[in-house]
Amino acid sequence: MKNPLRKRWLRDLKSELGKYIALFLFLFLTISFVAGFLVADNSMKVIYANSFSDYDIENGHFTTDRALTDEELASLEKNLDLSIYPLTYIDRVMDNEHTVRLYLPRDPVNRVDLLSGSLPAAADEIVIDRLYAENNELSIGDTLNISGVTFRITGFVAFSDYSTLYKSNNDMLFDANKFTVSIVTRSAFDSLGTVGLHHCYAWLNDDDTLSDSGQLRLSERLMYRIYQLDILEEFIPRQQNQAINFAGDDMGSDYVMMQTLLYIIMVILAFIFAITARSTIEQESGTVGTLRASGYTRKELLIHYLTLPMLVTLLAAICGNIVGYTFFKSVPVSMYRHSYSLTHYETLWNGKAFWQTTVIPLILIFAVNVLVLWATLKMPPLQFLRHELRFHKKKKVMRLKNGSFLSRFRTRVILQNTSAYLTLSLGILFASVLLMFGMMFSPLLTHFKEDVVSTQISDYQYILKSRQETAVAGAEKYSLMSLQNPKHEDVMVYGIRENSAYLPNISGDEAVISDGYLDKYGLQVGDTVTLHQKFHASETYDFKIVGSYHYPASMCVFMSQDRFNEIFELDADFFNGYFTNEKLTDLDAEQVATVITQAGQTVMADQLEDSMGRMFPLFSAFSLSIYLLMMYLLTKMIIDRNAESISMLKILGYTNEEAARIFTRATLVVVVIALLVSLPISYWLIRIIYYAMMQEYPGWLTFWLAPWIMPAMFVMGLSCYLIVSALQLKNVRRIPMASALRGQE
Amino acid sequence: MQLQLVDICKFFGEADSRTAALRGVSCTIQAGSITVLLGPSGSGKSTLLNIIGGIETADSGQILIGGEPLGAMTEQELTQYRRKHLGYVFQSYHLIPNLTVKENIEVGAYLSEHPLDVNELLRVLGLWEHRDKLPNQLSGGQQQRTSIGRAIVKAPDILLCDEPTGALDYSTGKEILQLIEEVNLRYHCTVVLVTHNAAIGDMSDRVIHLRDGAIVRDEQRAYRVHAKDLDW
């Protein structure tokens with residue numbers, strides 16, 4: 001015989017439909033959104049990773065000041081086990097001042113992905129980058145005027161070697177608004193002449209199993225050979241090509257945030273499920289006691305009370321995954337496509353995302369529910385029959401001498417419902433953590449950018465390709481090397497001149513570390529930092545930290561220039577950059593690798609703001625909804641628990657409002673205290689979560705909570721309660737007077 | 001199934017407030033009999049019933065159920081004991097509000113490998129016409145009938161009734177007592193009934209009078225008065 005208690009599930013669901021719909025929706029929305037995000041994020045990462053072989057992306061390219069002869073090409077290919085392909089291009093400025101880079105149809109290296117339309121077939125036809133077209137509202141059939149020649153757009157493409165539209169590899173920022181790559185026919189290309197023509201060549205290694213360091217060693221040999229020809233203008237191995245790598249490096253950076261959000265919400269929802277299930281047991285304690293007395297085992301009752309929450313979670317997880325895979329995936333896809341020129345998107349099955357959005361929520365909700373329900377059901381049947389669902393009976397009743405009758409009544413309500421109010425306080429703490437998480441990021445990024453700008457070493461920071469002198473007064477030489485830490489994060493190592501005008505004095509063997517680096521890894525003065533060369537992990541350098549410097553822009557190690565040159569075995573007068581507050585106009589622009597300005601310093605925060613910016617308000621709104629739901633369910637639980645008392649008050653002649661006020665005001669006192677206590681605890685928890693989360697991030701964003709957030713949270717929490725208490729008045733009205741009499745049976 | 005109680009003691013509270021609920025209660029209840037535990041409030045009769053039912057433990061003494069000592073049972077074994085051998089009826093009916101009358105009885109049937117026929121039982125209980133109603137659509141008497149049905153559907157060896165008529169009016173109370181009597185006769189289960197109504201003792205084989213936790217009188221009755229003939 002099947003357990004007849006099963007018949008209750010559907011009826012329980014019906015009788016508490018509102019609660020279950022709310023919980024289902026929260027679970028469903030969270031899971032669908034996060035599943036969509038994780039699935040799309042992973043799909044894009046896989047597609048991006050596969051694009052290297054799918055589109056035969058170069059192992060690097062170089063530009064020469066003349067075309068290589070067939071003999072030169074053959075010699076290079078033969079000696080270095082690689083294949084070199086011409087990738088000649090022309091840069092032209094269009095009427096709107098935008099730059100267009102024109103290529104010939106590409107094959108077999110760096111092939112393009114035709115996203116819509118068709119490739120150019122006639123001399124007046126052109127295909128351009130999809131993202132540039134979207135940013136400039138261009139459609140197929142529109143025309144572009146390039147150096148007096150009108151081209152008709154026949155299609156939109158994604159260049160496999162331009163997933164990020166960097167015009168120059170030295171640029172700090174990419175620009176998909178004013179720069180595009182394009183393909184025209186051979187005849188159109190030839191007709192454009194030689195102005196802006198670049199003799200570019202891409203190479204593919206014959207051995208595609210080479211490691212990154214192996215590829216770099218090969219590229220160094222290639223560079224040396226071309227350098228010997230004295231025609232080299234630019235040489236960029238794939239590993240150093242921002243246009244190829246930047247999008248890939250950025251992908252997945254939001255993953256940790258979404259995952260953290262998912263787990264916080266799941267724990268909160270598990271908690272809500274558990275306390276509502278416990279509340280149901282409390283309300284049915286007589287029945288539970290009878291069932292236990294009749295021989296029902298705890299396991300049978302646990303399964304009974306656990307089934308509905310688990311079914312709701314399972315349904316939400318299934319529906320959430322379906323909607324995530326089919327609909328919500330488009331949110332991150334459009335976010336990435338809004339920033340990068342990516343090849344065709346295809347949703348790929350992701351076992352990890354399924355595990356994280358389905359199995360883990362089920363396990364979390366199962367575990368929390370089992371813990372809470374088991375603890376409740378552990379009580380002996382008699383306690384259920386007597387409605388005594390407390391582990392410890394109070395031995396003494398506290399005497400309340402002061403205050404009016406009503407204030408003493410309210411105090412008594414609080415004292416008699418301590419466990420319920422502790423649950424409410426815990427719920428408020430959970431919801432506060434979520435709300436703080438939702439509210440903190442936007443101001444954190446703004447503050448970070450302001451901080452970066454205010455702590456900028458100099459207005460301009462030049463990085464040179466080769467040694468160059470300047471006559472500009474105030475320009476200060478420095479040395480710079482980009483190394484990596486054991487987690488393969490870039491760390492900039494600076495050699496600073498003694499008595500620097502831009503940085504505090506560092507002398508002798510001292511190494512000062514940026515405080516972000518210190519913060520991120522919990523390092524302390526006296527610790528040693530080990531860094532290694534980017535593609536040569538075996539070449540390591542140890543730096544003993546003697547102090548920290550507030551420099552949030554990047555993770556850095558500062559030392560004296562002498563020490564720097566000594567460590568890296570460089571000439572005593574070596575330098576490769578200038579700090580300056582004025583533009584250095586007397587440098588050879590070709591020999592300037594990059595100029596770091598204010599905008600360049602905040603690029604990481606800008607990108608995070610760009611990709612996640614639209615989601616922050618959503619986070620906050622969602623957090624607030626959970627806050628409301630949590631408060632409603634928990635305060636309802638308190639009203640339900642006190643239904644008999646409220647009923648009795650009504651019998652005695654109290655109005656609905658008066659009866660409600662006694663309980664809602666008692667709850668208000670608890671809510672205010674819980675809010676005040678939960679704020680510093682939330683801050684502490686969020687800090688822990690944030691630091692754990694940032695471990696997965698490349699770089700560091702200084703933890704900062706805007707001063708207005710805590711007061712705002714308090715006001716929002718209180719407002720939520722006021723709304724909820726108005727709703728609870730309805731619940732109080734619904735309590736029949738007969739329930740007090742029934743309870744006395 | 002025979003019940004044997006040997007020197008049962010039970011205390012509540014601690015230190016100054018420690019009160020004896022049962023003080024050395026000993027008796028043997030014969031299988032198939034109706035035994036009434038009679039006494040005023042606080043006499044320990046419900047505590048004794050709960051100890052027999054395995055939902056409360058004695059502080060000392062021994063309870064033998066069919067020769068098996070209850071005190072030696074683990075919690076799981078106690079659950080199994082209740083499941084296999086006991087039926088419980090309370091003053092408050094504790095029916096599951098969103099299950100129908102029939103389904104509430106099935107809740108009891110589920111616990112037994114050989115339950116009584118639910119439909120037949122519904123007729124015996126006079127609940128056939130109400131089988132699809134929810135508890136809140138029933139009168140107090142009908143609800144108590146349902147709770148008796150839930151208790152006896154698993155054909156228990158022992159039926160424990162704690163003030164089964166306490167919440168009912170005179171005639172409904174009598175109907176319930178008739179039903180318990182009928183259950184005893186039809187299914188041969190041992191009935192232990194707690195009440196403070198002395199008249200109910202007349203329908204039993206034995207009346208154990210309790211006061212302040214001790215047996216003050218153990219009255220073996222020569223004959224049972226039919227429940228329908230009881231008067232109070």
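The figures that follow rest on heavy atoms only: side chains count, while hydrogens, waters and symmetry mates do not. Chain letters run A, B, ... following the sequence lines, proteins first, then strands; residues in each count from 1.
Taking every heavy atom of both residues into account, B/Thr79 and A/Gly295 meet most closely at CG2-O, 3.5 Å. Residue B/Leu95 comes nearest to A/Thr287 through the heavy atom pair O-OG1, 3.5 Å, listed as atom of the first residue, atom of the second, then distance.
Here NE2 of A/His304 is found 6.5 Å from CD1 of B/Ile96. Values are rounded to the nearest 0.5 Å. Taking CZ of B/Phe90 as the start and OG1 of A/Thr290 as the end, the distance is 5.0 Å to the nearest 0.5 Å. Distance check, rounded to the nearest 0.5 Å: CG of A/Leu382 to OG1 of B/Thr57 gives 9.5 Å.
With a threshold of 4.5 angstrom between heavy atoms, B/Ala151 does not approach chain A through any atom at all. Contact annotation for B/Glu113: neither backbone nor side-chain heavy atoms come within less than 4.5 Å of a heavy atom of chain A. Using a 4.5 Å cut-off between heavy atoms, A/Lys2 touches chain B through its backbone atoms (N, CA, C, O) alone. With a threshold of 4.5 angstrom between heavy atoms, B/Ser147 does not approach chain A through any atom at all.
The shortest distance between side-chain heavy atoms of A/Lys14 and B/Asn98 does not fall below 4.5 Å. At least one side-chain heavy atom of B/Leu111 sits less than 4.5 Å from a side-chain heavy atom of A/Ser294.
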For this session: Begin with the C-alpha distance, continue with both residues' side-chain angles, and end with the deciding distance and a verdict on side-chain contact (heavy atoms from CB on, under 4.5 Å) for B/Gln76 and A/Thr297.
Result: CA-CA 8 Å; B/Gln76 282 85 352; A/Thr297 61; over 6 Å; no
Exercise. Would A/Leu5 and B/Glu103 satisfy side-chain contact (heavy atoms from CB on, under 4.5 Å), going step by step from the backbone distance to the final call?
Worked result: CA-CA 8 Å; A/Leu5 292 176; B/Glu103 288 161 353; over 6 Å; no
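For chain A, the option among B/Leu78, B/Asn50, B/Thr100, B/Leu160 with the highest count of heavy-atom pairs below 4.5 Å is B/Asn50. Counting heavy-atom pairs closer than 4.5 Å to chain A, the top-ranked of the candidates B/His94, B/Lys84, B/His85 is B/His94.
A salt bridge does not link A/Arg6 to B/Glu106: none of the charged nitrogens lies less than 4.0 Å from a carboxylate oxygen. Under a 4.0 Å N-O distance rule, the pair A/Lys378/B/Glu75 does not qualify as a salt bridge.
Between the A/Tyr296 side chain and the B/Val107 main chain, a donor and an acceptor come within less than 3.5 Å of each other. The main-chain N or O of A/Arg292 is found under 3.5 Å from a side-chain atom of B/Arg82 such that the two form a donor-acceptor pair.
When the shell of 6.0 Å around CZ of A/Phe366 is examined, it contains 12 or fewer heavy atoms from other residues, nucleotides or ligands. The number of heavy-atom neighbours closer than 6.0 Å to CD of B/Glu68, taken from other residues, nucleotides and ligands shown, is 12 or below. Within 6.0 Å of CD in B/Glu129 there are 12 or fewer heavy atoms belonging to other residues, nucleotides or ligands.
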